[in-house]
Amino acid sequence: MSAGATGVGSLPGGDAREAARTATGSFEDFPYLPELPARGPGADMIGRSTGLLVDMYAHVEPSGWRISDRPGRDTRRARSWLGEDLDALEEFTQGYTGRLKIQAVGPWTLAAALELHGGEAMLQDAGACRDLAGSLAEGLREHLADVRRRIPGADIVLQLDEPSLTAVLLGRVRSASGYRTYRPVDRQVVEGALRDLFAVHDGEVIVHSCAPEVPFGLLRRAGVTGVSFDFSLLTEREDDAIGEAVEGGTKLFAGVVPGTDGPLSDPGGSVMGVRKLWRRLGLAPGTLAESVVVTPSCGLAGASPAYARAVQAHCVRAARSLADNPE
């Protein structure tokens, strides 16, 4: 089985059709629904995911996204762009069968980013966090059904973006004033909310975080099928958790290629670190290809269009190198 490769989510520019063409053309075996944050508020990851919420709305304030009582211009814009992106993806996946990834922001990063009416993060209110997770679950259910209708041959992989997860667990999310941080959220509560959300999808669910100290153990207990992360931020402290995850069948979406413009090494060199990790953990090289999916280290919104295309092609070649030469 060959190692797979896919994108993380965002691409540069604002043309939905061009983005869909790139995402489906680069990753013929594992395309994804692109996000184009350069279009403005509502196309950014937080705004896009607020557009999915059911019976909960948000609008843009100078400080960021804030909960509203009713849908306004920002909600409509977020939903309209998502519709445009889905139309474009549908056009370029006619007759497609196989894995297809869609992304949304997870409940904890959303709770850390969304403001309540008073300006503090939803994170500080346990009841608001529960309501948010419930609303997101409903919205994701509808979104998944819509994607299935549009691309019936797709085996949908749901990616939840949780870059703030570690900060939420460790009490590092700053308050509105910036002078204090919110209390850490109990690990059991975090894990339970994620487990409930994963249950909306009967296919693969992966969590993406390009922050350091990804909580592999917690995510595995919550039931993820894969973890997507920036490989360059791993330390040997995570070895045990990663080894247990892999042995338990968790896939690693290893972000090995930089997400912003720079020189690209040869494809084999890009996955050298993954081979070294396998040796360090004493895992069988033959399991590499089925356990690892190669991706850019994070979204590509900050890259030039030419680099974004080059990186995605590079990921496919790096995955092939991993499958052909696992040693």
Side-chain angles (χ1 to χ4, degrees), residues 1-8 23 26-32 96-101 153-160 198 201-210 213-259 264-298 311-327:
M1 179 181 169
S2 72
T6 190
V8 172
S26 304
F27 301 112
E28 289 168 10
D29 299 328
F30 199 168
Y32 65 98
Y96 175 74
T97 55
R99 295 163 94 196
L100 167 75
K101 186 164 69 67
D155 203 353
I156 301 171
V157 177
L158 173 62
Q159 172 181 311
L160 293 168
F198 297 166
H201 183 39
D202 54 8
E204 288 183 69
V205 180
I206 67 172
V207 167
H208 168 74
S209 169
C210 44
E213 300 172 72
V214 174
F216 287 93
L218 179 145
L219 292 172
R220 193 167 60 90
R221 284 192 303 277
V224 290
T225 46
V227 182
S228 165
F229 58 97
D230 180 342
F231 194 85
S232 69
L233 298 177
L234 278 190
T235 65
E236 294 198 9
R237 278 202 304 275
E238 276 113 341
D239 276 9
D240 289 348
I242 288 184
E244 278 169 29
V246 171
E247 285 175 342
T250 306
K251 285 197 170 62
L252 302 182
F253 284 67
V256 295
V257 191
L264 291 170
S265 73
D266 68 294
S270 294
V271 285
M272 185 81 78
V274 180
R275 291 193 187 98
K276 280 187 182 143
L277 172 70
W278 239 243
R279 281 201 292 275
R280 217 164 58 224
L281 297 176
L283 295 166
T287 63
L288 253 177
E290 61 217 43
S291 300
V292 176
V293 176
V294 177
T295 72
S297 58
C298 208
V311 160
Q312 299 195 104
H314 187 89
C315 286
V316 173
R317 287 196 295 271
R320 203 167 296 137
S321 153
L322 203 53
D324 294 345
N325 312 300
E327 299 284 352

Q: Tell me the closest heavy-atom pair linking Pro31 and Tyr96, and the distance in Å.
A: CD-OH, 3.1 Å
Q: Determine the minimum heavy-atom distance between His208 and Cys298, stating which atoms define it.
A: NE2-SG, 3.8 Å
Q: Please round to the nearest 0.5 Å and tell me the distance separating atom CG of Asp155 and atom CD of Glu204.
A: 7.0 Å
Q: Should Ser291 and Trp278 count as side-chain neighbours, where that means a heavy-atom distance under 4.5 Å?
A: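 A side-chain contact under 4.5 Å exists here.
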Q: Once ring-ring contact (aromatic ring centres under 6.0 Å, His included) is applied, do any residues pair with Phe30, and if so which ones, sequence neighbours excluded?
A: none
Q: Using modelled atom types only, decide if a donor and an acceptor are shared between the side chain of Arg275 and the backbone of Asn325 within a distance under 3.5 Å.
A: yes
Q: Which residue pairs pass the ring-ring contact (aromatic ring centres under 6.0 Å, His included) test with at least one member in residues 223-253, sequence neighbours excluded?
A: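 Every pair satisfying ring-ring contact (aromatic ring centres under 6.0 Å, His included) with a residue in residues 223-253: Phe216-Phe229.
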Q: Where do Val311 and Pro296 come nearest, in terms of heavy atoms and distance?
A: CG1-CG, 3.8 Å
Q: Show the nearest heavy-atom pair for residues Ser265 and Ser270, with the distance to one decimal.
A: OG-OG, 3.2 Å
Q: Is a side-chain donor-acceptor pair under 3.5 Å present for Glu290 with Thr287?
A: no
Q: What's the spacing between Met272 CE and Asp266 CG if we round to 0.5 Å?
A: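 Reported to 0.5 Å precision, the distance equals 7.0 Å.
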Q: A side-chain contact here means heavy atoms from C-beta on lying under 4.5 Å apart; do Gln312 and Tyr32 qualify?
A: yes
Q: Please find the pair of heavy atoms, one from Val271 and one from Ser321, that lie closest to each other, and give the distance.
A: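 Distance-wise, the nearest heavy atoms are CG2-OG, 4.0 Å.
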Q: When rounded to the nearest 0.5 angstrom, what distance separates CD1 in Ile206 from CG in Leu219?
A: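 These two atoms lie 11.0 Å from each other.
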Q: Distance-only, no hydrogens or angles: does the Lys101 side chain make a donor-acceptor pair with backbone N or O of Val8 under 3.5 Å?
A: yes
Q: Measure across Cys315 and Val257 and return the closest heavy-atom pair with its distance rounded to 0.1 Å.
A: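 Taking Cys315 first and Val257 second, the nearest heavy atoms are SG-CG2, 3.8 Å.
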Q: For a quick test of your reading: what N or O donor-acceptor pairs under 3.5 Å do the side chains of residues 241-250 make, sequence neighbours left out?
A:
from: Glu244; atom 1: OE1; to: Arg220; atom 2: NH2; distance (Å): 3.4
from: Thr250; atom 1: OG1; to: Ala245; atom 2: O; distance (Å): 3.2

Q: Kindly compute the distance separating NE2 (His201) from OG1 (Thr225), expressed to the nearest 0.5 Å.
A: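 Result: 8.0 Å between the selected atoms.
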Q: Applying the side-chain contact (heavy atoms from CB on, under 4.5 Å) criterion to Ser209, which one of Val227, Val214, Asp230, Leu233 satisfies it?
A: Val214
Q: Atom CG in Leu234, atom CG in Leu252: separation rounded to 0.5 Å?
A: 8.5 Å
Q: To the nearest 0.5 angstrom, please state how far the CG atom of Leu277 sits from the CG atom of Asp239.
A: 6.0 Å
